[in-house]
Peer 1: 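Sharing a structure with you now.
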Amino acid sequence: MANKKIGMDTVEQFEKEIANFYDAPYAVATDSCTHAIELCLRHKPPAPGIELSVPARTYISIPFTLMKLDLRWNFVDQVWQDYYHLTDDIIDAAVLWRKNSYVAGTYMSVSFQFRKHLSLGRGGMILTDDVDAAKKLKKMSYDGREPN
């Protein structure tokens with residue numbers, strides 16, 4: 001059986017469905033939640049000198065990403081459920097699967113890894129209410145190229 005090519009209309013429809021589920025105005029598909037977080041941090045980096053607090057029991061890819069971006073961070077003994085804030089407006093919501101749960105004014109990254117609620121094997125999504133950021137993040141998710 002030949003592989004069926006997934007068209008842009010399929011990706012855009014998936015983004016709309018996820019945005020509607022979370023009640024977010026915009027959603028941008030990425031290849032993973034970690035990369036979604038990285039794009040958000042590149043789009044809106046923390047102010048110089050700010051040290052990010054990362055729960056000690058999170059995915060190891062998050063501290064690796066912060067090291068890659070040369071950001072200051074430390075582990076904190078924080079129990080978290082559903083999501084946690086990396087910055088005031090960047091949220092790691094990798095395990096959040098609850099209708100109408102978008103936090104206004106933020107960039108929330110969700111995951112579709114094989115052990116998550118929507119098990120696609122891999123993938124992520126950035127939820128936002130900023131149309132300009134959504135356009136920029138979409139282009140960033142395609143390595144600076146136009147999606148088509």
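Because the structure is predicted, anything quoted here is derived from the model rather than measured.
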Peer 1: To the nearest 0.5 Å, what is the distance between CE on Met125 and CD on Glu17?
Peer 2: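 Going from CE on Met125 over to CD on Glu17, the span is 10.0 Å.
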Peer 1: Ignoring hydrogens and angles, tell me if any N or O in the side chain of Glu15 forms a donor-acceptor pair with the backbone of Ala29 under 3.5 Å.
Peer 2: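 Side chain of Glu15 to backbone of Ala29, a donor-acceptor pair under 3.5 Å: yes, one is there.
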Peer 1: At their closest point, which heavy atom of Ala133 faces which heavy atom of Asp130, and how far apart are they?
Peer 2: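 That closest heavy-atom pairing would be N-OD1, 3.0 Å.
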Peer 1: Is the number of heavy atoms from other residues, nucleotides or ligands under 6.0 Å of Phe64 CZ greater than 12?
Peer 2: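 Check fails, neighbour count at 12 or below.
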Peer 1: Measure the acute angle between the ring planes of Trp97 and Phe21, then classify it against the limits of 30° and 60° as parallel, tilted or perpendicular.
Peer 2: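 Trp97 and Phe21: parallel rings.
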Peer 1: Considering non-hydrogen atoms only, spot the tightest contact between Cys40 and Tyr107 and give its length.
Peer 2: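 Minimum heavy-atom separation between Cys40 and Tyr107: SG-CB, 3.6 Å.
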Peer 1: For the pair Phe112 and Ile18, evaluate side chain to side chain contact (heavy atoms under 4.5 Å, CB included) and give the outcome as yes or no after the intermediate values.
Peer 2: CA-CA 11 Å; Phe112 309 125; Ile18 295 299; 4.1 Å; yes
Peer 1: Leu41 and Leu39: same hydrophobic cluster, using ILVMFWY side-chain contacts below 4.5 Å?
Peer 2: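 In one cluster: yes.
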Peer 1: Okay, side chain of Thr58, backbone of Pro55: is any donor-acceptor separation there less than 3.5 Å?
Peer 2: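 A pair under 3.5 Å: no.
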Peer 1: Calculate, to the nearest 0.5 Å, the distance between atoms OH and CD1 belonging to Tyr59 and Ile37 respectively.
Peer 2: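 Nearest 0.5 Å value for the OH-CD1 distance: 10.0 Å.
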Peer 1: Measure across Gly49 and Arg72 and return the closest heavy-atom pair with its distance rounded to 0.1 Å.
Peer 2: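 Heavy atoms of Gly49 and Arg72 come nearest at O-NH1, 2.9 Å.
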Peer 1: Can a salt bridge be assigned to the pair Glu38 and Arg42 using a cut-off of 4.0 Å between side-chain N and carboxylate O?
Peer 2: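 Answer for the salt bridge query: yes.
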Peer 1: For Asp89 and Thr87, does a side-chain donor sit closer than 3.5 Å to a side-chain acceptor?
Peer 2: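 Yes, side-chain donor-acceptor contact under 3.5 Å.
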Peer 1: Could you go through the side chain to side chain contact (heavy atoms under 4.5 Å, CB included) check for Ile126 and Thr30 one step at a time?
Peer 2: CA-CA 8 Å; Ile126 301 166; Thr30 62; 4.1 Å; yes
Peer 1: Hydrophobic clusters here meaning ILVMFWY residues chained together by side-chain heavy-atom distances under 4.5 Å, can you tell me if Leu69 and Tyr84 are in one?
Peer 2: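 In one cluster: yes.
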Peer 1: Taking all atoms of both residues into account, what is the closest heavy-atom pair of Met108 and Ala93, and its distance?
Peer 2: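 So the minimum-distance heavy-atom pair works out to CE-CB, 3.8 Å.
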Peer 1: Would Tyr26 and Leu137 show up in the same hydrophobic cluster when neighbours are defined by side-chain heavy atoms closer than 4.5 Å?
Peer 2: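 Hydrophobic grouping puts Tyr26 apart from Leu137.
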Peer 1: Can you measure from CH2 (Trp73) to CE (Met67) and round to the nearest 0.5 angstrom?
Peer 2: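 The CE atom of Met67 is 5.5 Å from CH2 of Trp73, to the nearest 0.5 Å.
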Peer 1: Looking at Leu86 and Ser53, what are the two nearest heavy atoms and their distance?
Peer 2: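 For Leu86 versus Ser53, the nearest heavy atoms are CD2-O, 4.4 Å.
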Peer 1: Under 4.5 Å between side-chain heavy atoms, counting indirect links through other Ile/Leu/Val/Met/Phe/Trp/Tyr residues: same cluster for Ile90 and Met140 or not?
Peer 2: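 Same cluster.
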Peer 1: Surrounding CG of Asp23 (heavy atoms of other residues, nucleotides or ligands, distance under 6.0 Å), is the total greater than 12?
Peer 2: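 Counting neighbours around CG of Asp23, more than 12 heavy atoms of other residues, nucleotides or ligands fall under 6.0 Å, so yes.
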Peer 1: Donor-acceptor check, side chain of Arg57 to backbone of Val79, threshold 3.5 angstrom: yes or no?
Peer 2: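 Pair absent, no side-chain N/O of Arg57 close to backbone of Val79.
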Peer 1: Mind listing the closest non-hydrogen atom pair of Cys33 and Ser109 along with its distance?
Peer 2: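 Smallest interatomic distance, heavy atoms only, reads SG-O, 3.6 Å.
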Peer 1: Rounded to the nearest 0.5 Å, what's the gap from NZ on Lys44 to CG on Asp88? Could you check?
Peer 2: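 Rounded to the nearest 0.5 Å, the NZ-CG separation comes out at 8.5 Å.
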Peer 1: For atom CG of Asn100, decide whether the heavy atoms of other residues, nucleotides or ligands shown that lie under 6.0 angstrom number more than 12.
Peer 2: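 It does: Asn100 CG has more than 12 such atoms within range.
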Peer 1: Please check this pair: side chain of Tyr102 against backbone of Asp129, looking for a donor-acceptor N/O pair closer than 3.5 Å.
Peer 2: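 Confirmed, Tyr102 side chain pairs with Asp129 backbone.
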Peer 1: Between Arg98 and Asp82, is there a salt bridge with N-O shorter than 4.0 Å?
Peer 2: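 Yes, this pair counts.
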Peer 1: Quick one: pull up CZ in Phe75 and CG in Leu52 and give me the separation to the nearest 0.5 Å.
Peer 2: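 Taking CZ in Phe75 and CG in Leu52, the distance rounds to 12.0 Å.
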Peer 1: For residues Thr106 and Thr128, determine if any side-chain heavy atom of one lies less than 4.5 Å from a side-chain heavy atom of the other.
Peer 2: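 No - every pair of side-chain heavy atoms lies 4.5 Å or more apart.
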Peer 1: If you count every heavy atom of other residues, nucleotides or ligands that lies below 6.0 Å from Gln81 atom CD, does the total exceed 12?
Peer 2: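 No.
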Peer 1: Answer with yes or no whether the hydrophobic clustering places Leu71 together with Ile60; edges join I, L, V, M, F, W, Y residues whose side-chain heavy atoms lie under 4.5 Å apart.
Peer 2: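 Leu71 clusters together with Ile60.
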